[in-house]
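One structure is given below, encoded as structure tokens.
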Amino acid sequence: MALQSLDIIRRSATTLPEPQARGAHAGQVAKLIDVSKCIGCKACQVACMEWNDLRDEIGSCTGHYDNPPDLSDQSWTLMRFAEYENPKGDLEWLIRKDGCMHCADPGCLKACPSPGAIVQYANGIVDFHEENCIGCGYCVTGCPFNIPRISKKDNKAYKCTLCSDRVSVGLEPACVKTCPTGAITFGSKEDMQQHAAERIEDLKSRGFAQAGLYDPMGVGGTHVMYVLQHADQPQLYSGLPANPKISAIVGLWKGISKPLGLLAIFATAAVGFLHYIGIGPNETDEQDEEAARRELKNELEKTP
Amino acid sequence: MNTKRKAEEIVRYETPTRINHWIVAISFVLLALSGLALFHPALFWLTNLFGGGSWTRILHPLIGIVMVIAFALLGAKMWHENAMQPRDWQWLRQIKDLVNNREDALPEVGKYNAGQKLIFYTIILCLIGLLLSGIVIWRAYFAVYFSVELIRFASLLHAFCGIVLICAIIIHIYAAIWVKGSVRAMTRGTVSYGWAWKHHRAWFREVTKGQQK
Ligand code: HEM
Ligand code: SF4
């Protein structure tokens, strides 16, 4: 893949523009996950494993339906099951397909110190190029959604690619293709927003007054969006952050601290250099040696 | 210079101390280069010195442990000579005389002057900060034990302490170049009587008194 796709709009730890002659003139892409339509069958998890040739370790039951219990270098997507008792006293099963959100302003990419280990394509997909990954884990530190995982085997970072390989040849992501209820759809971001609006209207007519689209602006919007029955309380969905954004500390660390840090180092060295040029070295001359000798002699005479 | 003059030297650092110092110094240089490589994209090429990005990531924290242990030994040895004394504060107030090479106007100095002492404490604080934050952000072994909020804070703290330490060491190295006759103290272990008398008079009196007994 590398850069020959010619549609790289952002590349981690680089200061110059990347090959980006090819744009996304049909519009940026998005995957829409309609939580209200999901039945938790995990077909998408299986499709992801199949297409990407991933096999997580067989674990053990942890007492709930989440299986595997967490994302990993081998599990790039995962259904998270939450039982919610609504104010009417009814049980709602909120099942959210977790995975990379493909932020327009990706915290992982901002944090990554290795040139080209993380790229963003013109169509909005955020992809890891593992050949450049050094395994430092800064992407984990930068991500507002707790998505990237570092493999214990090869120390590379992995996450959902939004099937960038399939999308680049005009196919939808594997999870989208397989979903039996049509809960996952894929297309241009605009189309998906429109589709979501219809779904939300429908949900509202069925009594979900707070239904809405999850496309958080704190990270510039995402290329994976959710239709939520309770868009006013995203935390209900296994801790989906209500207002995700790149942490201010990460912003400071990866922003102003870099030029300031280098400036401080250069300034310190420059002051030293100028001091040497301007004022000059502090030398011990023959007079000092003489004075030392004289003092020693006096000292000797005093202490016979 | 005749041979008699050459003999007029004071031992400032014994061989084990000098070896210890250079272990600290070399590991510092390696740490600064590998750390800066990850700190700023413009310096990522420095990873080539360590065999690539992954090797830089692997080696940096290990060298860090070496530096911390080596400095702990050095620092313990120098701890008592670095206690701040009343005359040190006066010395600091007259820092202008120092930078203008008017050292004779300054209060007498023991083994270390107030500037050296402050550098000493800066190094200690930075190394404690670097060690603690470095462990928190050490992804291969330790980061899983900490919350992401703490890791974010530690990343910032680590970079901050790293930069402060690098600046402090630049001052330290410059002082050695600026004050002629100092480098020999750490390479050969000795300084001339005149050097000791001029820059560390109280220490000069102390050690020469001992010599006559
Ligand atoms: C005390 C032991 C130390 C430990 C355990 C440690 C550990 C780490 C770790 C784990 C990283 C992240 C990258 C990686 O995994 O290699 C890192 C980065 C870094 N270290 Fe250290 N380190 C130590 C000492 C130092 C020292 C003495 C310096 C300065 C001379 C330094 C400067 C840096 C810098 C500038 C970075 C990059 C920070 C950034 O990316 O913003 N470290 N260190
Ligand atoms: S682990 Fe890899 S992808 Fe993540 S920040 Fe480090 S180099 Fe970049």
Side-chain angles (χ1 to χ4, degrees), chain A residues 12-15 111 113-115 117 132-138 140-144 146 150 152 155-156 247-250 252-254 257-262 264-265 267-269 271-273 275-276 279-296 299-300 303, chain B residues 5 8 36-44 47 52-58 98-101 103 137-140 143 148-149 151-153 155-156 159-160 162-164 166-168 170-171 173-175 177-181 191-199 204-205 208-209 211-213:
Chain A
S12 56
T14 43
T15 41
S114 183
N132 295 325
C133 172
I134 66 170
C136 61
Y138 285 9
V140 183
T141 308
C143 176
N146 182 23
I150 313 284
K152 281 275 162 215
N155 281 296
K156 304 287 176 189
S247 138
I249 297 181
V250 173
L252 204 61
W253 170 40
K254 287 290 157 177
S257 88
K258 291 203 228 182
L260 276 188
L262 290 195
I265 293 174
T268 311
V271 167
F273 182 71
H275 180 263
Y276 202 85
I279 295 178
N282 181 343
E283 283 161 323
T284 308
D285 53 23
E286 194 46 43
Q287 278 175 347
D288 297 316
E289 298 293 351
E290 191 55 49
R293 252 172 287 171
R294 208 178 315 119
E295 188 170 320
L296 260 184
E299 191 63 29
L300 273 175
T303 51
Chain B
R5 280 275 298 111
E8 287 180 1
L36 286 174
L38 303 186
F39 177 68
H40 199 289
L43 300 174
F44 190 79
T47 57
S54 293
W55 274 114
T56 306
R57 184 263 305 165
I58 293 167
L98 178 81
V99 297
N100 288 308
N101 287 346
E103 222 177 322
I137 64 174
W138 200 339
R139 182 60 60 180
V148 69
E149 286 81 15
I151 294 174
R152 285 172 184 153
F153 175 73
S155 302
L156 184 63
F160 178 78
I163 301 296
V164 171
I166 291 170
C167 291
I170 290 175
I171 296 170
I173 295 170
Y174 176 67
I177 298 172
W178 167 46
V179 181
K180 297 296 169 196
V191 292
S192 75
Y193 279 127
W195 185 94
W197 181 84
K198 179 165 185 188
H199 305 303
F204 167 78
R205 292 193 178 132
T208 49
K209 214 177 257 165
Q211 269 180 4
Q212 285 136 33
K213 275 175 195 153

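Lettering follows sequence order; numbering is per chain, from 1. Reckoned from all heavy atoms, side chains included, excluding hydrogens, waters and symmetry mates.
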>> I'd like to know if the side chain of B:Y174 reaches the main chain of A:Y276, judged simply by a donor and an acceptor atom lying under 3.5 Å from each other, with no hydrogens or angles considered.
In response: yes
Pair count under 4.5 Å, heavy atoms only, with chain A: among B:N100, B:T47, B:V99, highest is B:V99
Checked A:S257, A:S12, A:A111 vs chain B; the most non-hydrogen pairs under 4.5 Å come from A:S257
Nearest heavy-atom approach of B:A140 to A:K152 is O-NZ, 3.2 Å
What one should report as the nearest heavy-atom pair of B:R139 and A:C136 is CB-O, 3.3 Å
A side-chain contact here means heavy atoms from C-beta on lying under 4.5 Å apart; do B:C167 and A:I265 qualify? yes
Under 4.5 Å to a heavy atom of chain A? For B:V164 that would be neither
Turns out that what part of B:F44 lies under 4.5 Å from chain A's heavy atoms comes down to side chain
The interface call for B:I166 against chain A, heavy-atom contacts under 4.5 Å, is side chain
Under 4.5 Å to a heavy atom of chain A? For B:R152 that would be both
The interface call for B:A159 against chain A, heavy-atom contacts under 4.5 Å, is side chain
Heavy-atom nearest pair, B:S192 first then A:E289, reads OG-OE2, 2.6 Å
Bottom line for A:V140: the part with an atom under 4.5 Å from chain B's heavy atoms is both
Quick check: do A:S247 and B:E149 have side-chain heavy atoms less than 4.5 Å from each other? no
Minimal heavy-atom distance between A:N282 and B:K198, with the atoms involved, is OD1-NZ, 3.3 Å
Closest non-hydrogen contact found for A:C133 with B:S54 is O-OG, 3.8 Å
The interface call for B:I173 against chain A, heavy-atom contacts under 4.5 Å, is neither
So, the part of B:I177 with a heavy atom under 4.5 Å from chain A: the answer is both
Rounded to the nearest 0.5 angstrom, the CD-CH2 distance for A:E295 and B:W197 is 7.5 Å
Given A:Q287, A:H275, A:E283, the one with more heavy-atom pairs under 4.5 angstrom with chain B than any other is A:H275
Whatever's closer than 4.5 Å to a heavy atom in chain B on A:I150 counts as side chain
Task: A:D288 side chain vs B:W195 backbone, donor-acceptor pair below 3.5 Å - done: no
In this structure, NZ of A:K254 is separated from CG of B:L156 (nearest 0.5 Å) by 10.5 Å
* Asked: Do the side chain of B:N101 and the main chain of A:G280 share a donor and acceptor less than 3.5 angstrom apart?
  -> yes
When rounded to the nearest 0.5 Å, the distance separating CG of A:L296 from CZ of B:R205 is 10.5 Å
Separation between CZ (B:R57) and CD1 (A:I134), nearest 0.5 Å, reads 7.0 Å
### Query
Taking side chain as C-beta onward, heavy atoms only, is B:V191 less than 4.5 Å from A:T284?
no
Given A:L260, A:V271, A:L252, A:T15, the one with more heavy-atom pairs under 4.5 angstrom with chain B than any other is A:L252
